[in-house]
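Here's the structure, in structure tokens; my notes come after.
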Amino acid sequence: MRRSKYFMPTLKETPSEAQIPSHRLMLRAGMVRQTAAGIYSWLPMGYRVLRKIEQIVREEMDATGAQEILMPTIQPAELWQESGRYDDYGKEMLRINDRHDRALLYGPTHEEIVTDIFRNSVRSYRDLPQNLYQIHWKFRDEVRPRFGVMRGREFFMKDNYSFDIDAESARRSYNKMFVSYLRTFARMGLTPIPMQADSGAIGGDMSHEFIVLADTGESAVYCDRDWFKTDPLSLEIDFDADLQPIVDRWTELYAATDEKHDAENCPIDEKQLYTGRGIEVGHIFYFGTKYSDSMGATVSDSEGKETKVEMGSYGIGVSRLVGAIIEANHDDDGIIWPESVAPFKAGIINLRAGDEGCDGVCQQLYDGLTEAGVDALYDDRDERAGVKFAEMDLIGLPWQIAVGPRGVKAGTVEIKQRGGEREEVSVESALARLT
RNA sequence: CGGGGCGUGGCGCAGUCUGGUAGCGCACCUGCUUUGGGAGCAGGGGGUCGGAGGUUCAAAUCCUCUCGCCCCGACCA
């Protein structure tokens, strides 16, 4: 993509409404624009990142055998009246009436809809287990949206729902999600720490929040330093195998959010305790027959008896992750994207646009990268070097290649990783480095 | 929802207390000079001061109402 043609309205100054780094940087880098309180429009570069994250989530969901569906954003009130949540949910739920004065709502979550789909379509235990996911928009009318995309009212979310014949099978479904989440977040360059969460009326240990550490995170977290020795990406996972040992391993180390942590009775040594901040990016939850009960979702078991299905639901805040990743990866100059979610892998800076030599080398680099399938942003504008360097640092592409008249004469370009040192190399080796 | 704050060109702000017909920096346009870390000079365009009422000879400024946004707290992917 040529910068001169790319819609990326960057800002030198920070709009006054933005307080935390990710919000400021997303506005400054031209990734998003606020449309209303807690409601954002995604501009080309922000949308690229959102899609990268979405794709990682999708791949990891698919790897577990979950199947992607797409449910409506607008839902009929009847289903919620049936589950009993229509009155419980309160003002966070955006309620709408259509022209016939029928009560509708903009879905804050989709348990009712999937349960409805399921009960109308599945009759036998032979069709279980089942796990359906979707990635799309939800709306919760937060009293106080803030932190930009990290706590919006409208947000992009992956949510999925498991259906099992019994509690034991439901635990297997839960474990799959648990392990899958570890990989999903790790692939985005984040350190995910599962923390036991309140599992409500069901009780037990079947609810976890996934927290990623970030200095500017919303809540204080306490955990064992051994967390940093673990690497989810090194896990060889067979989703058909028993995952309980992996889950056990990832829950035996201490980890607690502010609310649960008790300094007096902390089970681990002070030296071993890491104190930091974190952002909740995922939540998995087993809730048994809560909805199958109220909404009559049953199947025949192996003896022909009607049995309520055991369910769980699992969420990942996809749009929140964009902010969370920036919170965890930035410096004073701007964003530092992990390669897996970067909008472009590399930026090419033409330090003397219009100079025949510079133009030629830049084109050669750009073509070379493009042919190799590497996304590059080529800053071909007639701007001063400082402007280009500053913007490239701001938008945080993992690699920068600077092409100037001096180097071109000597047959070299300068390559550096965002935040790293510059290195003079030949055009060929620059290309080799990135392809 | 309780408490606080702010709405003035695209962005950041001054002007409001003490009414007199809107200003600065950045960005934008033109020209020249510059050209390796957000250039310099000159010229130029753009705002009925969030909105509606009211007071006044006169309102960004005073009064009333209203809408929007932000921050702290309680709540959440």
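We name chains A, B, ... by the order of the sequence lines, and we start the count at 1 in each one.
- Across B:rG54 and B:rA59, the matching P atoms stand 12 Å from one another, rounded to whole Å.
- Remark: B:rU61 base-pairs with no nucleotide in the shown strands. Criterion, Watson-Crick or G-U wobble with two distances under 3.5 Å.
- B:rC65 and B:rG23: their P atoms are spaced 32 Å apart (whole Å).
- In the 5' to 3' direction, nucleotides of RNA chain B lying under 4.0 Å from heavy atoms of chain A begin and end at B:rC1 to B:rA77.
- Look at A:Glu92 and A:Arg140 and you find no salt bridge, because none of the NZ, NE, NH1 or NH2 atoms lies under 4.0 Å from a carboxylate O.
- Looking at heavy-atom distances under 4.0 Å, A:Asp159 makes no contact with the nucleic acid at all.
- Residue A:Glu142 is classed as a base contact, given a heavy-atom separation below 4.0 Å to a base.
- Put simply, OG on A:Ser292 and CZ on A:Arg119 are 11.0 Å apart, with the number rounded to the nearest 0.5 Å.
- B:rU66 and B:rC24 have their P atoms separated by 37 Å, given to the nearest Å.
- Using a 4.0 Å heavy-atom criterion, one finds that A:Arg33 contacts no nucleic acid atom at all.
- No more than 12 heavy-atom neighbours from other residues, nucleotides or ligands sit within 6.0 angstrom of OH on A:Tyr47.
- With C1' as the reference atom, B:rC69 and B:rC63 are 24 Å apart, rounded to whole Å.
- Exactly one residue among A:Glu414, A:Arg418, A:Gln417 makes a side chain to side chain contact (heavy atoms under 4.5 Å, CB included) with A:Gln400. That residue is A:Arg418.
- Contact annotation for A:Ala18: no contact, since no heavy-atom pair falls under 4.0 Å across all strands.
- Pairing partner, B:rA22: none, since no Watson-Crick or wobble contact has both distances short of 3.5 Å.
- At the heavy-atom level, A:Gly148 lies nowhere under 4.0 Å from the strands shown.
- Using the Watson-Crick or G-U wobble rule with both distances under 3.5 Å, B:rU56 pairs with nothing in any strand shown.
- Only the C1' atoms considered, B:rG3 is 47 Å distant from B:rA39, to the nearest whole Å.
- The residue A:Lys416 sits close to a base: some heavy atom pair falls under 4.0 Å.
- Within the 4.0 angstrom heavy-atom criterion, no nucleotide atom of any strand lies near A:Ser319.
- Residue contacts shown for A:Val281 are limited to sugar-phosphate atoms, with no base heavy atom under 4.0 Å away.
- Aromatic ring centroids of A:Phe210 and A:Tyr181 lie under 6.0 Å apart.
- Nucleic acid contact for A:Arg352: sugar-phosphate only, since backbone atoms but no base atoms lie under 4.0 Å from a heavy atom of the residue.
- Ion pairing between A:Arg85 and A:Glu111 holds under the 4.0 Å rule for side-chain N and carboxylate O.
- Nucleotide B:rG7 forms a pair with B:rC67, judged by Watson-Crick or G-U wobble geometry with both contacts under 3.5 Å.
- Annotation: cation-pi geometry not satisfied between A:Arg384 and A:Phe389 (NZ/CZ under 6.0 angstrom from ring centroid, within 45° of ring axis).
- Pairing of B:rG43, defined by two Watson-Crick or G-U wobble distances under 3.5 Å, is identified with B:rC29.
- Residue A:Lys138 is out of contact with every strand shown, counting any heavy-atom pair closer than 4.0 Å.
- The residue A:Gly315 sits apart from the nucleic acid: no heavy atom pair falls under 4.0 Å.
- When the C1' atom is used for both B:rC26 and B:rU18, the distance is 32 Å, rounded to whole Å.
- Sorted by first and then second residue, the ring pair (Phe, Tyr, Trp, His ring centres under 6.0 Å) pairs involving residues 336-356 of chain A (not counting sequence neighbours) are A:Tyr6-A:Phe344.
- Among the heavy atoms of the strands lying under 4.0 Å from A:Ala390 is at least one base atom, whether or not backbone atoms are also near.
- In this structure, A:Arg153 reaches neither bases nor backbone, as no heavy-atom distance under 4.0 Å exists between it and the strands shown.
- With both ends at atom P, the span from B:rU8 to B:rG50 equals 6 Å, rounded to whole Å.
- Base pairing of B:rC1: its partner is B:rG73, meeting the Watson-Crick or G-U wobble criterion (both donor-acceptor distances under 3.5 Å).
- Taking atom C1' on both B:rC72 and B:rG53, the two are 34 Å apart, rounded to the nearest angstrom.
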For residues 63-74 of chain A, please give each side-chain donor-acceptor pair under 3.5 Å, one per line with the distance, not counting sequence neighbours.
| residue | atom | partner | partner atom | Å |
| --- | --- | --- | --- | --- |
| A:Thr64 | OG1 | A:Met61 | O | 2.6 |
| A:Thr64 | OG1 | A:Ala66 | N | 3.3 |
| A:Gln67 | NE2 | A:Gln130 | OE1 | 3.0 |
| A:Glu68 | OE1 | A:Arg58 | NE | 2.8 |
| A:Glu68 | OE1 | A:Tyr133 | OH | 3.3 |
| A:Glu68 | OE2 | A:Arg58 | NE | 3.4 |
| A:Glu68 | OE2 | A:Arg58 | NH2 | 3.0 |

